[in-house]
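Okay, structure first, notes after.
The figures here come from the full heavy-atom set of this structure, side chains too, leaving out hydrogens, waters and symmetry mates.
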Amino acid sequence: MPKNELFAPFVNEPLTDFSQEENRRAITEAIAGVKLELGKEYPLHIGGKAILTAERTVSINPADTSQIIGSVSKASREQAEQAMQASLGAFESWKQTPAEERAVLLVQAAGRMRARKHEFSAWLVMESGKNWAEADADTAEAIDFMEYYAREMVKLAQTNDRQPLVRMAGEDNRLHYIPLGVGIVIPPWNFPLAICAGMASAAVVSGNTIIMKPASTTPVIAYKFYELMVEAGFPADVIQYLPGSGAEIGDYLTSHPKTRFISFTGSKEVGLRINKLAAEQSEGQIWIKRVVAEMGGKDGIVVDETADLDAAADAIVASAFGFQGQKCSAGSRAIIVESVYDELTGKIAERAGRLAIGSPEDNAPIGPVIDRSSFERILDYIETGRAEGKLLVGGGRGPEGGYFIQPTVFSDVEPDAAIMQEEIFGPVLAIAKAKDWQDAIRIYNDTEFGLTGAFFSTDEGRIETALEQIHCGNLYINRKCTGALVGVHPFGGFNMSGTDSKAGGHDYLLLFTQAKLTSRRV
């Protein structure tokens, strides 16, 4: 395909309509195909070479804990050092590869994923517990990231057009964006394909080499992504696939003197630890490490008395319980003015109570949470919630055999309660009552996080005030607070939600490059 067609204007990948029989048949066939692949061994990849280790991470299906997705090799510190040396060597040649060539490879990778969309979605269904629609959206977003960052790299390489300099007679001045070096990419388990693809592709298309340490609960999906990138033409040593424990290799690589940047998505606690370790200068380190971190949220939806209450109820339930509330953008708080509080709370409870729990393979609205640790932590929060509010819906375990928890709604929760302040990362919604819309905004802002939020109102004056005063990175008006699209809603938050890196935005690649000015007398 000609390059001008490869870099046609970016368009978001369409989501699959599973109401159509042919699409339902395609995803069920893909799931059946993935089942034939379950239980395989997956090696490390260091310097383009596959390495099997004795120590393994066993990935299981969270909807059926008796089912093994795959057995994945775990890296030691010695192998982490080997990966670093391989990355350093590869960087010397990769940084010389023209930006447009790197971008072409990324578009080719996106094309390959598009051709195998249902296969990748099926792995998400099996390993992360996503239903069809959530898995399809994850895969579509991965494609979007690759397509978008490829085009942004081409634009960034055209420096003089992108950022023209003031002209001076007798000088030729140019500003170039050059890669940083070796980076550590640590993707999360909740968007194990989309965010993994986004973080990795942004780094490598910018000319960096990376060591990719996938989440321990979803390492097989990350492996499939690594394979895809190599199949698309990326040199095998540009990305090192290096599963392992955070304590064993994560801290080691974060503190390594040759690590130039760390790109991380995950919990606040781990993100702060990475930031702290990265801030310390190691012996032989000659730069300040760059940390790009997205660390979660305690997102909320504010509703005033002028709002469309049915639309607000739909958005609150979708935001709270999509993928079992396991999104950093999940709307785990609803803040409602008192004049419509009882009416809207009833609508929320009715909708949440209708959500069916079942297997992701069958496209159930509510599937499992990711693992036993999450399962037990969320149940503990539900017990806390019983003392902090009024239980309206759920509150218990779901079907046996997997990590299922009922969608749970608590009302009459005080703004300073634990379930209103702490990130639960599960299917738990806390509802608080506000005196008026201004009090509701105050309650929304009373959190250490600041990732996403939504404001429901039909009063334009109030909307303008909310746009200014609600403090979060992604604020939505009269819609749900989840579902950011690449290029449409650049994503990243304030405060303890991270470094506001705006993934899927036009300036994201600047985080993986550094500007160099050259001036020549003519």
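- Ionic pairing of K502 and D507 is not present here: no N-O contact between side-chain nitrogen and carboxylate oxygen is shorter than 4.0 angstrom.
- Ring-plane geometry between F494 and H471 is classed as tilted, the angle between the planes lying from 30 to 60 degrees on a 0 to 90 degree scale.
- Among residue pairs with one or both ends in residues 190-210, none qualify as ring-ring contact (aromatic ring centres under 6.0 Å, His included); sequence neighbours excluded.
- No side-chain donor-acceptor contact under 3.5 Å links Q406 to the backbone of V393.
- The number of heavy-atom neighbours closer than 6.0 Å to CD of E400, taken from other residues, nucleotides and ligands shown, is 12 or below.
- Within the 3.5 Å criterion, the main-chain N or O of A293 finds a donor-acceptor partner in the side chain of T499.
- With T458 contributing its side chain and T306 its backbone, the two residues share a donor-acceptor pair below 3.5 Å.
- Going from atom CD1 of I143 over to atom CG of N12 covers 11.0 Å, rounded to the nearest 0.5 Å.
- With F425 as the partner, the ring pair (Phe, Tyr, Trp, His ring centres under 6.0 Å) test is satisfied by one option alone out of F323, F375, W189, Y381: W189.
- Using modelled atom types and a 3.5 Å distance limit, the side chains of R56 and S71 yield a donor-acceptor pair.
- Under a cutoff of 6.0 Å and an axis angle of 45°, R333 and Y444 form a cation-pi pair.
- Between E119 and M113, every side-chain heavy-atom pair lies at or beyond the 4.5 Å cut-off.
- Nearest heavy-atom pair across P214 and Y241 is CG-CE1, 3.8 Å.
- Side-chain atoms of T139 and S121 include a donor-acceptor pair closer than 3.5 Å.
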(request) Evaluate the criterion side chain to side chain contact (heavy atoms under 4.5 Å, CB included) for residue pair F261 and N208; output intermediate values, then yes/no. (result) CA-CA 10 Å; F261 65 92; N208 305 289; 3.7 Å; yes

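- Within the 4.5 Å cutoff, the side chain of I301 has no heavy atoms near those of the I335 side chain.
- Across all their heavy atoms, L106 and S201 have their closest contact at CD1-CB, 3.4 Å.
- In summary, the side chains of D304 and S457 do present a donor paired with an acceptor at a separation below 3.5 Å, with no hydrogens or angles considered.
- Between the side chain of S87 and the backbone N or O of I211 there is no donor-acceptor pair closer than 3.5 Å.
- Using a 4.5 Å heavy-atom threshold, the side chains of T209 and V204 count as separate.
- A donor-acceptor contact closer than 3.5 angstrom links the side chains of S374 and D371.
- Residues P192 and P219 are not in side-chain contact: their nearest non-hydrogen atoms beyond the backbone lie 4.5 Å or more apart.
- Every pair passing salt bridge (charged side-chain N to carboxylate O under 4.0 Å, His left out) that includes a residue from residues 213-240 is listed here, sequence neighbours excluded: R116-E231.
- The shortest non-hydrogen separation linking D17 to N23 is O-ND2, 2.8 Å.
- The backbone N or O of Q326 sits less than 3.5 Å from a side-chain atom of N190, completing a donor-acceptor pair.
- You'll find the side chain of F410 reaches within 4.5 Å of the side chain of I382, heavy atoms only.
- Heavy-atom minimum distance, M199 versus S263: CE-O, 3.0 Å.
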(message) Does T513 form a side chain to side chain donor-acceptor pair (under 3.5 Å) with S206? I'd like the steps, not just the answer.
(response) CA-CA 7 Å; T513 60; S206 301; 6.0 Å; no

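- For the pair E141 and A194, the tightest heavy-atom approach, listed with the atom from each and the gap, is OE1-CB, 3.5 Å.
- Between L392 atom CG and E350 atom CD the span is 12.5 Å, to the nearest 0.5 Å.
- K117 places a side-chain heavy atom less than 4.5 Å from the side chain of D136.
- Remark: the backbone N or O of G395 is paired with a side-chain donor or acceptor of T408 at under 3.5 angstrom.
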(request) Assess whether side chain to side chain contact (heavy atoms under 4.5 Å, CB included) is satisfied between I60 and Y403, documenting all intermediate values. (result) CA-CA 11 Å; I60 65 168; Y403 300 122; 3.9 Å; yes

(message) Evaluate S267 against M295 for side chain to side chain contact (heavy atoms under 4.5 Å, CB included), listing each step before the verdict.
(response) CA-CA 5 Å; S267 70; M295 306 191 310; over 6 Å; no

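- Side chain of R151 to backbone of E147: a donor-acceptor contact under 3.5 angstrom is found.
- A salt bridge links E13 with R114: the closest approach of a Lys/Arg side-chain nitrogen to an acidic carboxylate oxygen falls below 4.0 angstrom.
- We find that D314 and R479 are not joined by a salt bridge, their nearest charged nitrogen and carboxylate oxygen being 4.0 Å or further apart.
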(message) Checking E422 against K298 for the salt bridge (Lys or Arg N to Asp or Glu O under 4.0 Å) test, could you report, in this order, the C-alpha distance in whole Å, the side-chain angles of both residues, the deciding distance, and whether it holds?
(response) CA-CA 7 Å; E422 299 174 18; K298 188 64 179 175; over 6 Å; no

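- For the atom pair OH (Y149) and NE2 (H506), the distance works out to 12.0 Å, reported to the nearest 0.5 Å.
- The backbone N or O of G331 lies less than 3.5 Å from no partner atom in the side chain of S319, so there is not a single donor-acceptor pair.
- In summary, the side chains of D64 and S66 do present a donor paired with an acceptor at a separation below 3.5 Å, with no hydrogens or angles considered.
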Mind listing the side-chain donor-acceptor pairs of residues 26-40 below 3.5 Å, one per line with the distance, residues two or more places apart or on another chain?
residue: T28; atom: OG1; partner: R24; partner atom: O; Å: 3.0
residue: T28; atom: OG1; partner: R25; partner atom: O; Å: 2.9
residue: K35; atom: NZ; partner: E361; partner atom: OE1; Å: 2.6
residue: E37; atom: OE1; partner: K40; partner atom: NZ; Å: 2.5

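- Using modelled atom types, no side-chain atom of Q324 and backbone atom of P427 make a donor-acceptor pair closer than 3.5 Å.
- Looking only at distances, a side-chain donor or acceptor of N363 sits under 3.5 Å from a matching main-chain atom of W132.
- Taken from OG1 in T452 to NE2 in H489, the straight-line distance is 11.5 Å, to the nearest 0.5 Å.
- Side chains of T218 and S128: no donor on one and acceptor on the other come within 3.5 Å.
- A 4.5 Å side-chain heavy-atom check between Y226 and C196 finds every atom pair outside the cut-off.
- Here the closest non-hydrogen pair linking V220 and S59 is CG2-CB, 4.4 Å.
- Between L242 atom CG and I46 atom CD1 the span is 5.5 Å, to the nearest 0.5 Å.
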(message) Go through it in stages, so that I can follow the logic: the residues are Y148 and D144, the test is side chain to side chain contact (heavy atoms under 4.5 Å, CB included), and I'd like the CA-CA distance, side-chain angles, deciding distance and then a yes or no.
(response) CA-CA 6 Å; Y148 184 81; D144 280 351; 5.7 Å; no

(request) Give the intermediate values and the outcome of ring-ring contact (aromatic ring centres under 6.0 Å, His included) for residues Y223 and W123. (result) CA-CA 11 Å; Y223 185 89; W123 282 107; 9.8 Å; no

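- To the nearest 0.5 Å, the span separating CD on Q240 from CD1 on I51 amounts to 9.0 Å.
- With contacts defined as side-chain heavy-atom distances shorter than 4.5 Å, the pair Y42/L52 does not qualify.
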